[in-house]
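Take a look at the structure below.
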There are 2 protein chains.
Amino acid sequence: MSDLLQRLRGRGWRLTAQRRVVAEVLDGDHVHLTADEVHARAAARLPEISRATVYNTLGELVSIGEVIEVSTDGRAKRYDPNAHRPHQHLVCSRCGTIRDVHPSGDPLAHLPSSERFGFTVSEVEVTYRGLCPNCATA
Amino acid sequence: MSDLLQRLRGRGWRLTAQRRVVAEVLDGDHVHLTADEVHARAAARLPEISRATVYNTLGELVSIGEVIEVSTDGRAKRYDPNAHRPHQHLVCSRCGTIRDVHPSGDPLAHLPSSERFGFTVSEVEVTYRGLCPNCATA
DNA sequence: TCCTACACTAGACAGAGTCTAAGTCAAGAT
DNA sequence: ATCTTGACTTAGACTCTGTCTAGTGTAGGA
Ligand SMILES: [Mn+2]
Ligand SMILES: [Mn+2]
Ligand SMILES: [Zn+2]
Ligand SMILES: [Zn+2]
């Protein structure tokens, strides 16, 4: 994630302890944390970090395209550092586990122009739901 | 929508004025109202209806499969009476308009088993985003 | 080392949804 | 037609998620 910190410095961001910690918390694969989960993990390293700063930093990371916002459950949004490789999500309906899955072709192509009603379609979001191996056996 | 009321009676529901009005408000095509929008329209006909009853009724309609919950914007959930024909949504990123679109094949088939990680996948939700004709010209 | 614009904090506020306790009424029973 | 009763409705408190503001702190250039 230190390459992320480099990119942020390149954009003129001040590298504060708070931003560093948020970036560290978001490091890894299949990371889809809510803002409050990010705050809890960040606060474990930097106890005085505020919720507002976590929300601000996440919002900034989203607006520059370093992090993606995912709404899989209509409750809290989740923040996904896997922003540089297009992907979709596979969600367990029972335990909420989220896995990244990678499309074979371009899912946008699956909408024929006869079904576009004059819209200029530029994005598509796909969420698959089912039971994960753990929840299926239980 | 009176066939819906018949089906509800068949399930042993008491047919109250409140439930009748909620069902009437949800009648139509491309209807994707938030709970508070449903409440406002219902209250125009039945002023004393409470928010709790609207939430209760919508939740019941969802749990018996007569209405679908749609979360297109990470804000309020929307309630969609078009529950008997599988479809997806096309959303304008500027004005929020939502149109129903109908898939050509089964979108579930687009996830190869090598990308299912042992999940039993049973549903897929697809949201296309772009600009509607009005917003594209403006 | 100093300066200051940018960043951070605590807490108030707002929107969406849930829950509870008390009152009401639809519809089956008499 | 009236009674009875458990399902239904209500108001409002409460929770969760997210936004905003006023005051304080500090990163990093001069
Ligand atoms: Mn992801
Ligand atoms: Mn729809
Ligand atoms: Zn699971
Ligand atoms: Zn539009």
Side-chain angles (χ1 to χ4, degrees), chain A residues 2 5-25 32-64 66-80 96, chain B residues 2 5-25 32-43 45-64 67-80 96:
Chain A
S2 62
L5 291 176
Q6 293 311 317
R7 291 199 295 277
L8 297 183
R9 190 182 337 237
R11 288 176 169 270
W13 279 34
R14 284 196 194 165
L15 292 191
T16 65
Q18 290 83 351
R19 285 170 169 173
R20 242 180 264 273
V21 167
V22 169
E24 285 168 15
V25 165
H32 303 97
L33 298 170
T34 66
D36 277 338
E37 287 166 351
V38 172
H39 180 242
R41 298 189 187 196
R45 293 161 169 257
L46 188 69
E48 68 276 21
I49 191 172
S50 72
R51 274 186 359 117
T53 293
V54 170
Y55 273 102
N56 286 342
T57 305
L58 290 172
E60 291 160 352
L61 289 169
V62 168
S63 74
I64 65 175
E66 292 286 352
V67 164
I68 288 173
E69 258 177 10
V70 179
S71 312
T72 48
D73 59 353
R75 304 184 63 88
K77 289 177 191 165
R78 295 182 171 272
Y79 293 88
D80 183 346
Chain B
S2 63
L5 291 176
Q6 292 312 316
R7 291 199 294 279
L8 297 181
R9 190 184 333 237
R11 288 176 168 271
W13 279 35
R14 283 198 195 165
L15 292 192
T16 64
Q18 291 83 352
R19 285 172 169 171
R20 243 179 264 271
V21 167
V22 169
E24 284 168 16
V25 165
H32 302 97
L33 298 170
T34 65
D36 278 338
E37 287 166 352
V38 172
H39 179 242
R41 297 188 187 198
R45 293 162 169 259
L46 189 68
E48 68 275 22
I49 191 173
S50 72
R51 276 188 357 118
T53 292
V54 170
Y55 274 102
N56 285 343
T57 305
L58 291 173
E60 291 160 352
L61 289 169
V62 168
S63 75
I64 63 174
V67 164
I68 289 173
E69 257 178 9
V70 179
S71 313
T72 49
D73 61 351
R75 304 185 64 88
K77 290 177 191 165
R78 293 183 171 273
Y79 293 87
D80 183 346

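Naming: A, B, ... by sequence-line order, numbering from 1 per chain. Note that the structure is a prediction, hence the values are computed from the model and not measured. The figures that follow rest on heavy atoms only: side chains count, while hydrogens, waters and symmetry mates do not.
Between B:Thr53 and B:Thr16, the closest side-chain pair of non-hydrogen atoms is not below 4.5 Å. Two residues are said to be in side-chain contact when any heavy atoms from C-beta on lie closer than 4.5 Å; A:Lys77 and A:Val70 fail this criterion.
Nucleic acid contact class of B:Ala76 (heavy atoms, under 4.0 Å, all strands): sugar-phosphate only.
Here D:dG12 presents its P atom at 15 Å from CD of B:Glu48, a figure rounded to the nearest Å. Remark: C1' of D:dT24 and CD1 of A:Ile49 are 17 Å apart, rounded to the nearest angstrom. Protein atom CG of B:Asp36 is 12 Å distant from nucleotide atom P of C:dT18, rounded to whole Å. Remark: P of D:dG25 and CG of A:Leu46 are 16 Å apart, rounded to the nearest angstrom. Remark: P of C:dA16 and CG of B:Leu58 are 14 Å apart, rounded to the nearest angstrom. Put simply, CD on A:Glu60 is 13 Å from P on C:dC6, counting in whole angstrom units. Distance B:Lys77 NZ to D:dT17 P: 12 Å, rounded to the nearest Å. When rounded to the nearest whole Å, the span between CZ of A:Arg78 and P of D:dT17 equals 9 Å.
Side-chain atoms of B:Arg75 lie closest to C:dG15 of the nucleotides D:dG6, C:dG15, D:dT10. Which of C:dG17, C:dT9, D:dT10 sits closest to the side chain of B:Ala35 comes down to C:dG17.
Residue B:Tyr55 has no polar side-chain atom (N or O) positioned under 4.0 Å from OP1 or OP2 of C:dT18. At the phosphate of C:dG11, neither OP1 nor OP2 sits under 4.0 Å from any side-chain N or O atom of A:Ser50. Note on B:Thr53: a side-chain N or O is less than 4.0 Å away from OP1 or OP2 of D:dT10. The side chain of B:Thr16 places no N or O atom within less than 4.0 Å of a non-bridging phosphate oxygen (OP1 or OP2) of C:dC25. Taking 4.0 angstrom as the limit, B:Gln18 places none of its side-chain polar atoms (N or O) nearer than this to OP1 or OP2 of C:dC25. Here B:Arg51 does not reach the OP1 or OP2 of C:dG17: none of its side-chain N or O atoms lies under 4.0 Å away.
Residues A:Tyr79 and B:Val54 both approach DNA chain D. Their nearest nucleotides, taken by heavy-atom distance, put B:Val54 toward the 5′ side. Residue order along DNA chain D, read from the 5' end via each residue's closest nucleotide, puts B:Gly12 first among B:Gly12 and B:Gly74. Between B:Thr34 and B:Leu15, the residue whose closest nucleotide on DNA chain C is further toward the 5' end is B:Thr34. The residue among B:Ala17 and B:Asn56 whose nearest nucleotide of DNA chain C is located toward the 5' end is B:Asn56.
Within 3.5 Å, a donor on the side chain of A:Arg14 pairs with an acceptor on the base of C:dC6, or the reverse.
A salt bridge links B:Arg19 with B:Glu60: the closest approach of a Lys/Arg side-chain nitrogen to an acidic carboxylate oxygen falls below 4.0 angstrom. The pair B:Arg78-B:Glu37 meets the salt-bridge criterion, with a side-chain N (NZ, NE, NH1 or NH2) lying under 4.0 Å from an Asp/Glu carboxylate O.
At distances below 3.5 Å, at least one donor-acceptor pair connects side-chain atoms of A:His39 with backbone N or O atoms of A:Ile49.
Here the closest non-hydrogen pair linking A:Arg45 and A:Val21 is CD-CG1, 4.1 Å.
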